[in-house]
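Reminder, nothing fancy here: chain letters follow the sequence lines and each chain counts from 1.
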There are 2 protein chains.
Amino acid sequence: MSPRTKQQFEELRKDRRQAILNAALTVFANSGYHSASVSMIAKEADVSKGLMYNYFPSKEAVLLTLVNDLFDHVVELLRITPGEVLTRERFIELIDLQIDIAVKEPQRWKLYMSLAFQPEVTPLLMETMLPKVTPFMMSMSQYFHAKGYEDPVAAMRYFSASLDGVQMHALLDPDNFPVEKVKQMVIMQFA
Amino acid sequence: MSPRTKQQFEELRKDRRQAILNAALTVFANSGYHSASVSMIAKEADVSKGLMYNYFPSKEAVLLTLVNDLFDHVVELLRITPGEVLTRERFIELIDLQIDIAVKEPQRWKLYMSLAFQPEVTPLLMETMLPKVTPFMMSMSQYFHAKGYEDPVAAMRYFSASLDGVQMHALLDPDNFPVEKVKQMVIMQFA
DNA sequence: ATCCTTTGACTGAACGGTCGGTCAATAAAA
DNA sequence: TTTTATTGACCGACCGTTCAGTCAAAGGAT
């Protein structure tokens, strides 16, 4: 009744699935979500177009999977526990990690940034993003509160806006943007 | 032997052209450049699809015109003269103006931001942008140099990254982002 | 007044091409 | 034979773009 074992199939599917995701990330990051075609992704993944639809129900589903994986990756990297109280060292480490993500994984981060202003995907983006970043936000404003800022929430918003700006510029001009120096300035200012 | 006068035609064309540009800005800002179709723009402008091509050679040309107009608008608003030496008041005014652009003209600025990560248009964008923003950059780093920063260029890059981040967040969450408070914090920090 | 000619803005059907998505047929393994 | 991954021809929809033709307006001629 069963040719290959369930396990064999599962492993096969897992690998193929990942190959497709990797290819999609590359193509999306290089061409942008809308300009990237399913055929391009299939070719990049060395797979037929049809097979894509055996693994994902739609092009959009591929995108959402990628974004979800990205957020999970970030959460795991930062290891923020809800309600965590930040020491100065921890705060500095978080700045360091956050900026490094953009530098070390430009593809993933470019994709994420490029979606921020694509109105038809932004709601879906926010939906999966918000619950995962709120603990981070909370700890941040708590940190600023402890530092004596009169409006910790505003400080937190300014801080995270600055961080995003730095990531953005680091991505758009990776050869000239002085990441390390800027990182030090961010730390000087906020920590 | 003569139909409408030259002048009549010119005025007519000027109005229609602007109507098309306004419609295009709306549609581009709401749907993003790639998702927006020429038909959508035509409908928004109350004009036939064909007429669009009487006024602009291509969809891309419409976009480039919009972007160019935006930059001219910004240059005129900031009134930076090449080589200008900034006083503290002037520097503060520039911060104020820059952030206000994003708040007061969200459509235009959203469009501009959404293009930053659309790889096939970015080169064209940079081409028309760079010569117009370099005077600004120069004056900035000169200001930081005068303030005694040891690396004025890095400071300038950090500063403009922060500004972009603030504009970005102000656009993405206009209802909750505390623009005025953040503006004061930017001034406190950099001026 | 009435025609007639000339102009260029304007329309909408149509074009070649590409898109996301489907599906019948096949390959391969047990 | 059964099961499941895999293929690529194929579909309808829509894309940006083109173009043959329509139309209102204005002035000269009658």
Checklist entry - Within the structure, does a side-chain N or O atom of Ser37(B) lie under 4.0 Å from either OP1 or OP2 of dC15(D)? => result yes
Item to check | Considering all heavy atoms, the nearest Arg13(A)-Tyr55(A) contact | outcome: O-CE2, 3.4 Å
Next on the checklist: Just the rounded figure in Å: distance from C1' of dT11(C) to OH of Tyr55(B).
Outcome noted: 13 Å
Checklist entry - Does Glu11(B) pair with Lys14(B) as a salt bridge, N-O distance under 4.0 Å? => result no
Next on the checklist: Between C1' on dC19(C) and CD1 on Ile41(A), what's the gap in Å once rounded to a whole number?
Outcome noted: 12 Å
Next on the checklist: Rounded to whole Å, how long is the line connecting atom CG of Leu51(B) with atom P of dC23(D)?
Outcome noted: 16 Å
Next on the checklist: I'd like to know whether Tyr112(B) forms a ring pair (Phe, Tyr, Trp, His ring centres under 6.0 Å) with Phe71(B), so could you lay out the CA-CA distance, the side-chain angles of the two residues, the decisive distance to 0.1 Å, and finally the verdict.
Outcome noted: CA-CA 10 Å; Tyr112(B) 159 62; Phe71(B) 286 139; 5.8 Å; yes
Checklist entry - Could one point to a donor on the side chain of Lys49(B) or the base of dT17(D) with an acceptor on the other under 3.5 Å away? => result yes
Item to check | Value in whole Å for how far the C1' atom of dG21(D) lies from OH of Tyr53(B) | outcome: 20 Å
Item to check | Geometric class of the Phe144(B)/Phe159(B) ring pair [parallel <30°, tilted 30-60°, perpendicular >60°] | outcome: perpendicular
Checklist entry - Would you say Asp100(A) and Lys183(A) make side-chain contact, with heavy atoms under 4.5 Å? => result yes
Item to check | Phosphate OP1/OP2 of dA5(D) contacted by Arg16(A) side-chain N/O (<4.0 Å) | outcome: no
Next on the checklist: If I take atom CG in residue Asp15(A) and atom P in nucleotide dA5(D), what distance separates them, rounded to the nearest angstrom?
Outcome noted: 13 Å
Checklist entry - Phe56(B) near the nucleic acid: base, sugar-phosphate alone, or nothing, with a heavy-atom cut-off under 4.0 Å? => result nothing
Checklist outcome for this item: Side-chain contact check for Leu12(B): nearest option of dA9(C), dT7(D), dA5(D) is dA9(C)
Next on the checklist: From C-beta outward on Ser48(B), which listed nucleotide comes closest to its side chain: dC10(C), dT17(D), dC15(D)?
Outcome noted: dC10(C)
Checklist entry - When the distance from CD1 of Ile20(A) to C1' of dG20(C) is rounded to whole Å, what number comes out? => result 15 Å
Next on the checklist: Quick check on DNA chain C: between Lys59(A) and Arg13(B), whose nearest nucleotide comes earlier from the 5' end?
Outcome noted: Arg13(B)
Checklist entry - What is the nucleic acid contact for Ala42(A), judged by heavy atoms within less than 4.0 Å: base, sugar-phosphate only, or nothing? => result nothing
Checklist entry - Between His34(A) and Met52(B), which is nearer to the 5' end of DNA chain C once each is assigned its nearest nucleotide? => result Met52(B)
Checklist outcome for this item: When rounded to whole Å, the CG to P distance for the pair Asp46(A) and dT6(D) reads 12 Å
Checklist outcome for this item: Lys14(B) atom NZ is separated from dA9(C) atom P, nearest whole Å, by 16 Å
Item to check | Asn54(A) vs dT6(D): side-chain N/O to OP1/OP2 distance below 4.0 Å | outcome: no
